[in-house]
Structure formats: C-alpha cells, structure tokens
Amino acid sequence: MRFSRISRTFGVAAVATLALTACGGGGDSNNSSDANATITADTVEPQNPLVPTNTAETGGGVVVEQIFNGLVTYDSDGKPQNDLAESIESDDNQTWTIKIKPDKNFTNGEKITAQSFVDSWNYGAAAKNAQVSSYFFEPIKGYDQVSAEGSTSDKMSGLKVVDDTTFSVELVSPQSDFEQRLGYTAYVPMPSSAFKDMKAFGENPVGYGPYKMASEGAWQHNSTIELVKNDEYDGPEKAKNGGITFKLYQNPDTAYQDLISNNLDVLKQIPTSALGNYKSDLGERHSDKPYAGIQSIAVPEYLDNWKGEAGTLRRQALSMAIDRDEITKVIFEGTRTPAKDFTAPTIEGWRDDLPNSENTTFDKDKAKELWKKAESIKPYDKSEKLTIAYNADAGGHKKWVDAVANQVKNNLGIEVEGKSYSTFKELRTDATAGKLTGATRSGWQADYPSMYNFMAPNFAKGASSNDSRYDNPEFEKTLNDGLEAKNTEDGVKKFQDADSILLKDLPSVPLWYNQANVGWSENVSGVDTGWNGVPEYFKVEKTQS
C-alpha cells in the first residue's frame, strides 16, 4: 500500500512474496491519461475526526492512508520500504536508532523533524488523549506510565531526540517485528499545529503523503471528502492522478450502480448483491485477489450467556453450527474461503491444521452436544436473544448475517437474528464503548503483514478492536514470546501457538478469509490492490475524454 528500502532485514513476521492472481489488470495502459484529473472512490462516513492515532476503522483509514505517510511504506506484496526513513537500525531488536531524510515538509510547509515523530508517538500513547491506537506504542519503554488510567504524563522515557533528523527508541524487550510495524498510520508524524486543537486538526488534517485535503471544509460530512495531489511529495507513491474525491455511501448497492453508470471510478469491494453478475456487468474492469483480511463474529464476554466455561462451550457450539462452505458458495459465489484460523493464508506462518482448528468445522451434532454440556453448567437465559450486529452502509452484510442466524437457529434451536446499524460509525461506537447487546460482525484488514497484527489488536487485553473483551494472560504471554524469539522459525511457532489458544477459546468465531473484489469505471486505468486488499489509488490514471 505504501513504499524505498530499510537498512536491515526484518525478523519474525517477515512477509513472504505472494503469488496472487487477478482478473483484468487495471485497463489498457496505452490509453492517454490526464495526470491532473480527479478520480472518484467510495468509502463510508469515518467514525472519528481523521487523526492517525485515533483512526482504526476502514471508513476513515482509507482516507488517512492517502494523506499521511511515515518512516516506511508497504509495496504491493507487503514488503516494507523506506519513505521518510533514511535508516532504521538495531543491534539487539530492543534499542533502535532511526534517521529521517532531511528537508522534508508537511503540506503546510512545516519541516518534518525527529521531534515531529517523538511528539506524535507520545500523543498517541498518553492515556489523557484516549487514542484508539495507543496500544501500538506498548512496546516502548515508559508506555506503562503514560497509558495508566488517570495518568497526566505524556512523555515515554524510551523516546529520545538526538538531533533534527535522528531519534532513538528503547523498547521494554526485543521486538523482532518492530520495524515492520512502522508503515502503519499510528506511527506517522503530525505537525505542531495538530497538538493545539486535535479535533479541529482531524477535520482538516495536514500530513506528508501523496495527497492532501483539497481545502478547509473539504470534508462534507456524510457526503464527500476531497483530496488533491501533493505536488511536493517525492516518495514512492507519487500520484498519477490529480486527486481523489471519496464519496461517502450509506448503501453499497448505490455505490455499485454509480460504478456501472460511470459515476464512480473505483469501488473497493463489490457488494454481496452483485457477486452473481459483476463480471458480466463490468467485463474486464474488475480484479479478484485474496488479501490479508478475515471476517468473523465477535461475541462479547460481558454478556451473561457467554461468560466463563459455559460461554466458551457455547461459542464452540456456535462455530460448529455454521456451514461456512454453503454460505461462501451460495451467497458469495465462491469469492470467500472458509476460515480455519484467526489470520489469513496470505500471511507467513498461516496453517489450516492448527490444534483446535476442528472448532471451525461444521458439525451440527457436535454443536448440539457442546450446547447441552454448557446448559449443564449454566442454563441459557432465553430472554437474552442472540443478535448479530452489522452495518447496513457497506458490504451487503445483511444477507450473510441472516444466513448465519438461520443456520444457528436451526442447528442449536435458539432464537437468533440480525441487528442492523444504519452506519459503520454507529456500530463501532457501541463496540468500542462495550455497549453491544449481542454478537457483532467483525471484519479485520491487517495494518501490517504479520500474524501478530491479526491477534494482538483484536484479542489483547484493552486493545481497541477487542470487541469481545477477551482477557487471557497465557495467550498474551505466548504472543510476546513470539515477538522476543531469536529467529523467524521460533517466532512463527509461538504465533501459531497463540492462534491455537484462540481456536480453543473462540472469543470470536472465524468465518471466512476475504477477497478483494474491486471494480472500476470506463474512465480509469491502472487499478490494482495492495497486499491488504485496498486499491492503490495513487496508481490510478484518469483516461482523457
């Protein structure tokens, strides 16, 4: 998604080169194009103002990723390469020296310095700022002090400015994939103006990247977000178009109709309702690729029916009552693959035969047996109907949620139904606040290419996307052992062990691995997706009329 070269090899979670197939190829590169023309793309209304450390959902994330680049970017295969970084070095994976390139500026003209990074990371970590991505700074020495509840401290002891272009990072322990994480937007720098009024900054953010906000007021809420090319940006993601207007849709079917009418240039995911006919509708104007993403159902452990040993047995029963093969074939037209773990096949270390993976296999008799065993421990309170929350403004989730609900109802004999939220923002607000009244659909698109990134943000205690409120010290110790491993092989084994613990406890129920089904209009060429399934918008060219 973003890319130049790190000065040392990366460790435990180094991503393998992926052999991905695609239909189409982004159009005819021989067509003449207009480098100053704006393209249109879809997303949904962001949950929060566009602050990098407080944007952990895809609606706002896809916009933030165009405005802010940091030390490294990821190429199409997920390999990290330098952008603002001159070098990232460590002899022990615990103390790091980071040098940034000189003479780089934010789009407001302010110089980017080592202090810019230190200030931004400290802001993201401090409890008083309540940033949803604060846990990304947990490995840094001093995070425990600044992140403690009620703490007024806002400077981590592990961050030191050496000079204008150099800063050091001391971690609490060796972290072999630390440099690989640094392409995620939580680690990007923000200008000094941001810290004067962060809410106002989030409405009109200023960063360093291939695009910038078109003007003050370019974010018209629930309508559009207008970006223009940043002509001063000279990194590896130099835009081939003049800007992006993100249209904020509440219904994915409306976005699809705009696409086939050439009123939308790039649609990042074909809605479920169109999977049966998008190839005939679009011809060669589509791309189909597996990517680092998974769909699941999180079941909050704060719900009375789903606590303790009985709750674990019920989640196992719930998982085994779902026929993933049938749903992926009938509803998704074979464009999804039934999940066997909590990561994705495109990530190094993935296996489909981990211990406890049988809990993802459809077996209605075993599911009934497990449910009965749970009943003997703690009777199920039928007044608490199991609902599965989903957002109606993207992805066509209603159809598959209804199918899952019907399967569970028929195979376990309990009342289950979908619960529609009108927007993704509303659903995430309840999930983040721990106010869900039932289960929720919980998709994950990796922040960086690592097994660790699929598990820590979703299941570590206190993590922003831990919708189930899972808390297992054994799981977290196993994850940390993987980070501190001396070599890649040992690290991957520990991550696999952590994956197996999740497959036993099932804080959420893995459903299927995602596939990027992207479509584009007759007005553009050069469309392709990156390792994480997001269109590489900077490569898209607008065809001259």
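For this chain, numbers begin at 1 and follow the sequence in order.
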Please tell me whether [X] and [Y] have a donor and an acceptor in their side chains that are separated by less than 3.5 angstrom.
X	Y	answer
Ser273	Asp253	yes
Thr529	Lys268	no
Glu426	Asn391	no
Tyr470	Asn458	no
Thr361	Asp363	no
Tyr249	Asp258	yes
Asp323	Gln407	no
Lys539	Ser76	yes
Thr55	Glu57	no

Would a line drawn from the ring center of [X] to the ring center of [Y] be shorter than 6.0 Å?
X	Y	answer
Tyr256	Tyr278	no
Tyr211	Phe68	no
Tyr390	Tyr421	no

Going by heavy atoms in the side chains, are Val408 and Leu318 under 4.5 Å from each other?
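Yes; the side chains approach each other to less than 4.5 Å.
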Short side-chain to backbone donor-acceptor contact, Ser450 and Tyr452, under 3.5 Å:
yes
Would you call the rings of Tyr187 and Phe178 parallel, tilted or perpendicular if under 30° counts as parallel and over 60° as perpendicular?
perpendicular
Honestly, is Arg315 close enough over Trp306, meaning NZ or CZ under 6.0 Å from the six-membered ring centre and within 45° of the axis?
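No, Arg315 and Trp306 do not form such a contact.
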